[in-house]
2 protein chains.
Amino acid sequence: MPDSEYRDIRKLDLFTHMADDNFTSLMRGAYVQNFPAQIELITEGEPSDFLHIVISGSVDLFSSWNGRETSMATVRPISTFILAATIKDAPYLMSARTLEKSRIALIPSQDVRAIFDVDSNFARAIVTELAQCYRSVIKAQKDLKLRTSLERLANYLLRQQRHAGGGAAFELDFEKRRLASVLGMTPENLSRAFKGLQPYGVTVTGTRISIDNQADLERFAKPNPLIDDFST
Amino acid sequence: MPDSEYRDIRKLDLFTHMADDNFTSLMRGAYVQNFPAQIELITEGEPSDFLHIVISGSVDLFSSWNGRETSMATVRPISTFILAATIKDAPYLMSARTLEKSRIALIPSQDVRAIFDVDSNFARAIVTELAQCYRSVIKAQKDLKLRTSLERLANYLLRQQRHAGGGAAFELDFEKRRLASVLGMTPENLSRAFKGLQPYGVTVTGTRISIDNQADLERFAKPNPLIDDFST
DNA sequence: CCGAAGGGTTGACATATATCAATTGATTTG
DNA sequence: CAAATCAATTGATATATGTCAACCCTTCGG
């Protein structure tokens, strides 16, 4: 693993406070691999052998049941995924596939659990990370249960706008079909939802979104930090 | 706090492995209170001052947005709630109200965080608990996104049946209106959904459910451990 | 340049779900 | 007991969302 990647991983909240020895030992057992797009990295139901870290590219976490499939989240660099399964030594609840060419580090789960047992700084970091993940899913659940698809899209756009720097125009960082899945609707419906937001000053050109009337859209979307603010 | 309650709390996964001193010190700062039914214990958005433990009775965790409200979960004895907010020292994402006369222990959040910092067994237990909570919400999310309301009800009944011991007949442990909210539908729709399950051998009499044709219902519900098994 | 493939869009339609209003039935309360 | 509540149900209807098929448009490879 190149030194710069090593340092980038070390800087993750999860690893930054742990003892040097332990970090080194974790990394010794890890390996890094480049994957092409559309590769299924893990499959739900399988035992959780590795903690994954996305170094570059992006990964879609999705889930299937009875022939249906839904996108649960997208993981972007640099962050980990399936921490909970690793810690609990339980089967993956979600599958993961690369969305593009991606570089992924794999740390054997048993190493993570072993270091977790001896390094209390690491254990504490894991607590914070899991609490964060938990709260994110709760927010997603509130979004799903309390809002219509049009409201979900409107609030997604406002979040994405803020994430992109706050300007009136910005790019979607999803393919639309997957955005639809993330938002819990069909691609056809997403298309109509974009039209449904036109009266509130939303213009779409390909993946470029322009919010022409910020106040109007916000009045409709009614964003709420307890749902839309991912930092708390 | 009576001795028996003290011991019951001590036996919770969360507290069972921590040092005696630390547990005692946690409990010293705690207080226990009896609440009547329908009392709002906490309100979403408020700072998380206390970790709550339900000793008896039951508590509904719910959330509101734009005049709508939804039930997120029900907490039954003996377990804790809002651990994540306590740990992160972040605002509650959900409100909580007693469903019946309930006895609740309140542990100051800062005590929990302080002991968490010095007792690594406690920290580890918190990790396990949070990982469990996280996975439960992911399952709930899959349930919501991948299933129709009829399928959710069918699978809920199968889970509840198992929880009640596996017999063909059992009691709902929810008021129907709240079950509807938990399952993400209206009470009217729940009523119709019960009718919709009649062809699969489900009989409803008040809160009593009878599953007359187990195989039929399972064939329709297609239960899946990665969604319906709460123990993993 | 052509044609195939695939994402995106659109329209017509089907289904699922919510809403509203009215009624029933059980439970509580004076 | 009777009145008052409130949950549960039912029917009629509206709205939201999904499905299917067709088409458009871009991209990519021969």
Side-chain angles (χ1 to χ4, degrees), chain A residues 36-38 60 65-71 97 99-101 143-157 171-199 202-209 220-221, chain B residues 36-38 60 62 65-71 74 97 99-101 143-157 171-199 202-209 220-221:
Chain A
Q38 306 299 337
D60 185 39
W65 178 81
N66 194 25
R68 297 163 214 168
E69 180 179 311
T70 189
S71 221
R97 76 162 73 90
L99 289 171
E100 52 192 308
K101 196 166 162 305
D143 194 43
L144 266 178
K145 290 185 78 175
L146 291 167
R147 289 171 171 165
T148 66
S149 59
L150 200 57
E151 289 164 343
R152 289 200 296 278
L153 176 60
N155 280 290
Y156 169 80
L157 292 180
E171 295 283 328
L172 289 178
D173 60 351
F174 280 129
E175 203 179 9
K176 281 184 190 163
R177 55 177 28 243
R178 211 150 30 70
L179 174 57
S181 184
V182 168
L183 293 177
M185 54 177 126
T186 58
E188 293 95 327
N189 242 319
L190 176 63
S191 220
R192 293 175 190 120
F194 273 123
K195 283 203 168 162
L197 290 181
Q198 275 178 13
V202 174
T203 316
V204 186
T205 328
T207 62
R208 185 150 196 88
I209 307 293
F220 169 73
Chain B
Q38 305 301 336
D60 185 38
F62 65 100
W65 178 80
N66 194 24
R68 297 163 215 167
E69 182 180 309
T70 189
S71 222
T74 300
R97 76 163 73 91
L99 289 172
E100 53 193 307
K101 194 165 164 306
D143 192 43
L144 266 177
K145 289 184 78 175
L146 291 168
R147 289 171 171 165
T148 67
S149 60
L150 200 58
E151 290 163 344
R152 290 200 295 278
L153 176 60
N155 281 290
Y156 169 80
L157 292 179
E171 295 283 327
L172 289 179
D173 61 351
F174 279 129
E175 199 180 13
K176 281 185 187 163
R177 53 178 29 244
R178 211 150 31 67
L179 175 58
S181 183
V182 168
L183 293 178
M185 53 177 125
T186 57
E188 293 95 327
N189 242 320
L190 177 62
S191 222
R192 291 172 191 125
F194 273 123
K195 283 204 167 163
L197 290 181
Q198 276 176 11
V202 174
T203 316
V204 185
T205 327
T207 62
R208 186 149 195 87
I209 308 293
F220 170 74

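Within every chain, numbering begins at 1; the chains are lettered A, B, ... in the order of the sequence lines, protein sequences first and strands thereafter.
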Protein-nucleotide distance (B:Arg68, atom CZ; D:dA16, atom P), rounded to Å: 10 Å
task: Please state how far atom NZ in A:Lys195 lies from atom C1' in C:dG8, giving the value in whole angstrom units.
output: 12 Å
- request: Could you check how far CE of A:Met185 sits from C1' of C:dT17, rounded to whole Å?
  value: 16 Å
Which atom of B:Leu190 lies closest to which atom of B:Lys176, heavy atoms considered: CD2-O, 3.2 Å
message: Any heavy-atom pair between the side chains of B:Phe220 and B:Leu197 that's under 4.5 Å?
response: yes
statement: Smallest heavy-atom separation, B:Glu69 atom then B:Arg97 atom, equals OE2-NH2, 3.1 Å
- prompt: Closest approach of A:Leu144 and B:Lys145, non-hydrogen atoms and distance?
  reply: CD1-CG, 3.5 Å
field: side-chain N/O B:Ser149 vs C:dT17 OP1/OP2, d < 4.0 Å
entry: yes
- prompt: Once you round to the nearest 0.5 Å, how far does CE of B:Met185 lie from CG of B:Leu179?
  reply: 6.5 Å
query: So which of A:Thr203, A:Ile209, A:Asn189 actually passes side chain to side chain contact (heavy atoms under 4.5 Å, CB included) with A:Phe194?
result: A:Ile209
Rounded interatomic separation in angstrom, taking CZ from B:Arg178 and P from D:dC6: 17 Å
- prompt: Roughly, in whole Å, what's the span from CG in A:Leu144 to P in C:dT17?
  reply: 14 Å
query: So, for B:Ala37 and B:Leu99, which heavy atoms are closest and what is the spacing to 0.1 Å?
result: CB-O, 3.8 Å
- prompt: Rounded to whole angstroms, how far apart are CZ on B:Arg147 and P on C:dT17?
  reply: 14 Å
- prompt: Quick one: A:Phe194 CZ to C:dT10 P, roughly how many Å, whole number?
  reply: 12 Å
field: Rounded distance (Å) that lies between atom C1' of C:dG25 and atom CZ of B:Arg177
entry: 15 Å
task: Identify the heavy atoms of A:Glu171 and A:Thr207 that sit nearest to each other, and give their distance.
output: OE1-OG1, 2.7 Å
Angle of first-five versus last-five pair axes in the helix from C:dC1-D:dG30 to C:dG30-D:dC1, to 10 degrees: 30°
- line: Here the gap from A:Leu146 atom CG to B:Asn66 atom CG, rounded to the nearest 0.5 Å, amounts to 9.0 Å
task: Using a 4.0 Å cut-off on protein heavy atoms (strictly under), produce a 5'-to-3' string for nucleotides 19-24 of chain D with B for base contact, S for backbone-only sugar-phosphate contact, and - for none.
output: BB----
